[in-house]
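Notes for the one structure printed next.
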Amino acid sequence: MEAVYSQGISLAEALQERTMSHEKFWLTVTYLGDPNAAFFLIFPFTYFISKRTGVAVLWVAAISEWLNLVFKWMLFGERPFWWIGESGLYVNKQPKVQQFPSTCETGPGSPSGHAMVTAAVWWVVVSSLGSFLYIRTRSVVLSSAPYLLYVLMLVAVGISRVFILAHFPHQVVAGSITGIILGIVLSRRVPAGRPLLFFFSVSIGLLLSALSIHAGLQQLGIDLSWTIALAKKWCSRAEWVRLDSTPFSSLTRDCGALIGLGMAQYWKPGGWSLPRAPTALCVALSSIALYHVNRLPLPIRPQGLFYSLYFVKFVIVPQVVMVLVPGLVHLFSHKKKD
C-alpha cells in the first residue's frame, strides 16, 4: 500500500499546486459532500417536493453512514494528512501541501464517508428526478441529464477530499462505488408510514451492533482510537480536530435521525398537505430553523453529555421539517383563509 499512498500524496500535491486559486470552491464542495449536509440541506428540500423522496434521503443517509462507520473500523484506512508524518518517507523532503479546517477528521479513511453518503443520497434524488422528467417528457436525453450531473458531482466531491488531504484517491473511488450500490438497493424499500416501533428497533439495532463490533475488535486487541491520536498529533491546528467528526458522532447522528423520522411519522402520519406557496414557505422556514439547530453549541466535556445532546439534535431535525414547520404554516394559512 505504500506505493498507492505515496502516489496519492503526489496527486494531492499536484492538485493543490494547480488549483489552489479555487480553494474556496473545493472547500464548499467538500462541505456539501459532508454527511451532515444530507440531514440539514438535502432532506428539507427534497421532503417538500416529494415526501417519499425526502424520507428516502434521511433513511439512506443514516444507513449508508452507519455502514461506512463499520467499513472504516474493519479496513483501517490511513488519511493523507497524518500518513505523511507517520510514513517516514518525507523526512528529507516534505511535500508542498497544506491542511484546511475540514482536513483533520478523526476516523479511519477507507472508504470515504463523504463520497459514500453523497453517492447513496444523491442517487435517491437523481433517480427520482430522472423518473419524473421521463414521465413528463418521454425524453431519454432530458431524463438522463440528472445522472450526468450526478457523476460530475461525485467527481467534484472526490477531488475536493483529495485536495484537502482528507482521503487518498482509492478511498474516494471505493466510497463512491459502494454508495451507488447502497443508493440503488436502499431506495427500493423506503420506510414511509412504518410504525414507530420499527424505527426504534432499527435505531437500537444499529447502536447495539456498532457497540458489539467495537467491543469485539477491542477484545481482539485492536485499538479503534488509534486514528484520534494520529489526528491530534499531525493536524496543523488543534481546533480543527472536532469531536463531531469522530465515529461515535456519526453513530449517534444516524440513530437519532432514524428515531426522529419515526416520531415525525407517528405524530403526523402522511404529513401535511399544503398548496404550492405555503410549501415554498416551509422550505425557507425549515432551512432557517435547521441552520440554527446545526449551529447550536454543544459542550464537549464530558463526552457522554456531548453524544447525548448530539443524538437529541438529530432527533429534532425530522420533527422540524415534517411536523413543526408545516404544522405552523398550515395553522396560519388556514386562519388567514377563515
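By convention here, the first residue in the shown sequence is residue 1.
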(request) Say whether, by atom type as modelled, one donor and one acceptor occur between the side chain of Glu78 and the main chain of Phe168 under 3.5 angstrom. (result) no

(request) Look up atom OG in Ser236 and atom CD in Gln98, then write down how far apart they are to the nearest 0.5 Å. (result) 8.5 Å

(request) Check Lys313 against Asn294 and note the closest heavy-atom contact, atom names and distance. (result) NZ-O, 3.0 Å

(message) With clusters defined by side-chain heavy atoms of hydrophobic residues (ILVMFWY) lying less than 4.5 Å apart, directly or transitively, does Met322 cluster with Leu285?
(response) yes

(request) Determine the minimum heavy-atom distance between Pro95 and Tyr90, stating which atoms define it. (result) CD-CD2, 3.5 Å

(message) Within this structure, what is the CG-CD1 distance for the pair Leu165 and Ile84, rounded to the nearest 0.5 Å?
(response) 5.5 Å

(request) Identify whether Phe198 and Ile204 are in the same connected component of the hydrophobic contact network (ILVMFWY, side-chain heavy atoms under 4.5 Å). (result) no

(message) Quiz question: by atom type and distance under 3.5 Å, do the side chains of Gln99 and Trp240 form a donor-acceptor pair?
(response) no

(message) Quick check: do His114 and Pro35 have side-chain heavy atoms less than 4.5 Å from each other?
(response) yes

(message) Hydrophobic clusters here meaning ILVMFWY residues chained together by side-chain heavy-atom distances under 4.5 Å, can you tell me if Leu41 and Val317 are in one?
(response) no

(message) Could you check whether any side-chain N or O of Ser225 sits under 3.5 Å from a backbone N or O of Ile228, counting only pairs where one atom can act as donor and the other as acceptor?
(response) no

(message) For Phe163, is there any backbone N or O sitting under 3.5 Å from a side-chain donor or acceptor partner on Gln16?
(response) yes

(message) Among Leu224, Ile222, Thr227, Asn68, exactly one meets side-chain contact (heavy atoms from CB on, under 4.5 Å) together with Trp73. Which residue is that?
(response) Leu224

(message) Treating Thr279 as the side-chain partner and Phe48 as the backbone partner, does any N or O pair qualify as donor plus acceptor under 3.5 Å?
(response) no

(message) Keeping Glu105 on the side-chain end and Ser245 on the backbone end, is there a donor-acceptor pair under 3.5 Å?
(response) no

(message) Applying a strict under-4.5 Å side-chain criterion to I, L, V, M, F, W and Y, I'd like to know whether Leu67 and Ile184 cluster together.
(response) yes

(message) Donor-acceptor check, side chain of Ser203 to backbone of Phe200, threshold 3.5 angstrom: yes or no?
(response) no

(message) Side chains of Arg161 and Thr30 only: does a donor on one sit below 3.5 Å from an acceptor on the other?
(response) yes

(request) Kindly say whether Gly33 contributes a backbone atom to a donor-acceptor pair with the side chain of Thr118 at under 3.5 angstrom? (result) yes

(request) May I ask you to test the Trp122-Val117 pair for a side-chain heavy-atom distance under 4.5 Å? (result) no

(request) Indicate yes or no for a side-chain donor-acceptor contact from Lys72 to the backbone of Gly77 under 3.5 Å, with no hydrogens or angles considered. (result) no

(request) Would you kindly say whether Thr246 and Ser249 are connected by a side-chain donor-acceptor distance under 3.5 Å? (result) yes

(request) For residues Leu186 and Ser64, report the shortest heavy-atom separation together with the two atoms involved. (result) CD1-N, 4.4 Å

(message) Tell me if the CZ atom of Phe76 is crowded by more than 12 foreign heavy atoms within 6.0 Å.
(response) yes

(message) I'd like to check the ring-ring contact (aromatic ring centres under 6.0 Å, His included) partners of Tyr310; sequence neighbours left out, ordered by chain and number.
(response) Phe306, Phe314

(message) Looking at Ser209 and Leu206, would you say the former's side chain and the latter's main chain have a donor-acceptor pair under 3.5 Å?
(response) no

(message) Less than 6.0 angstrom separating the ring centers of Trp83 and Tyr5, yes or no?
(response) yes

(message) For Trp226, is the CH2 atom crowded, meaning more than 12 foreign heavy atoms sit under 6.0 Å from it?
(response) yes

(message) Would you compute the distance between atom CD1 of Ile164 and atom SG of Cys104 and round it to the nearest 0.5 angstrom?
(response) 9.0 Å

(message) Once rounded to the nearest 0.5 Å, what's the spacing between atom CG of Asp223 and atom CG of Leu217?
(response) 11.0 Å

(request) Verify salt bridge (charged side-chain N to carboxylate O under 4.0 Å, His left out) between Glu17 and Lys96, making sure each step is shown before the conclusion. (result) CA-CA 8 Å; Glu17 181 181 352; Lys96 296 178 181 178; over 6 Å; no

(request) Could you tell me whether the side chain of Tyr150 and the main chain of Ala119 form a donor-acceptor pair under 3.5 Å? (result) yes

(message) Any non-hydrogen side-chain atom of Leu309 less than 4.5 Å from a side-chain atom of Leu296?
(response) no

(request) In sequence, state the C-alpha distance, the side-chain angles, and the governing distance for Phe39 and Glu65, and then conclude on side chain to side chain contact (heavy atoms under 4.5 Å, CB included). (result) CA-CA 11 Å; Phe39 299 93; Glu65 188 179 34; 4.0 Å; yes

(request) Please find out if less than 6.0 Å separates the ring center of His214 from that of Phe248. (result) yes

(message) Counting only heavy atoms not in Gln219 (residues, nucleotides, ligands), do more than 12 fall under 6.0 Å from its CD?
(response) no

(request) Search all heavy atoms of Pro169 against all heavy atoms of Gly8 and return the closest pair with its distance. (result) CD-CA, 3.7 Å

(request) Look at atom OH of Tyr266 and say whether more than 12 heavy atoms of other residues, nucleotides or ligands are closer to it than 6.0 Å. (result) no

(message) If I compare all heavy atoms of Gly158 with all of Val172, which pair ends up nearest, and what's the gap?
(response) CA-CG1, 3.2 Å

(request) State the CZ-OG distance between Phe100 and Ser160, to the nearest 0.5 angstrom. (result) 11.0 Å

(request) Could you tell me whether the side chain of Val283 reaches within less than 4.5 Å of the side chain of Pro44, counting heavy atoms only? (result) no

(message) For a 4.5 angstrom cut-off between non-hydrogen side-chain atoms, does His292 reach Ile288?
(response) yes

(message) Can you confirm whether Glu239 is buried at CD, in the sense that more than 12 heavy atoms of other residues, nucleotides or ligands lie under 6.0 Å from that atom?
(response) yes

(message) For a 4.5 angstrom cut-off between non-hydrogen side-chain atoms, does Arg242 reach Thr106?
(response) no

(message) According to a hydrophobic-cluster definition based on side-chain heavy atoms being under 4.5 Å apart (Ile, Leu, Val, Met, Phe, Trp, Tyr only), do Val121 and Ile181 belong together?
(response) no

(request) Write down the atom of Leu133, the atom of Pro146, and the distance for their closest heavy-atom approach. (result) CD1-CG, 3.8 Å

(request) To the nearest 0.5 Å, tell me how far Asn36 CG sits from Ser250 OG. (result) 9.0 Å

(message) Can you confirm whether Leu251 sits close enough to Pro247 that some side-chain heavy atom of one is under 4.5 Å from a side-chain heavy atom of the other?
(response) no

(message) Is the distance between the ring centroids of Trp59 and Phe43 under 6.0 Å?
(response) no

(request) Side-chain contact test, heavy atoms from C-beta onward, threshold under 4.5 Å: evaluate it for Tyr47 versus Thr53 and give yes or no. (result) no

(message) Distance to the ring centre below 6.0 angstrom and angle to the axis at most 45 degrees; does that hold for Arg79 and Phe81?
(response) no

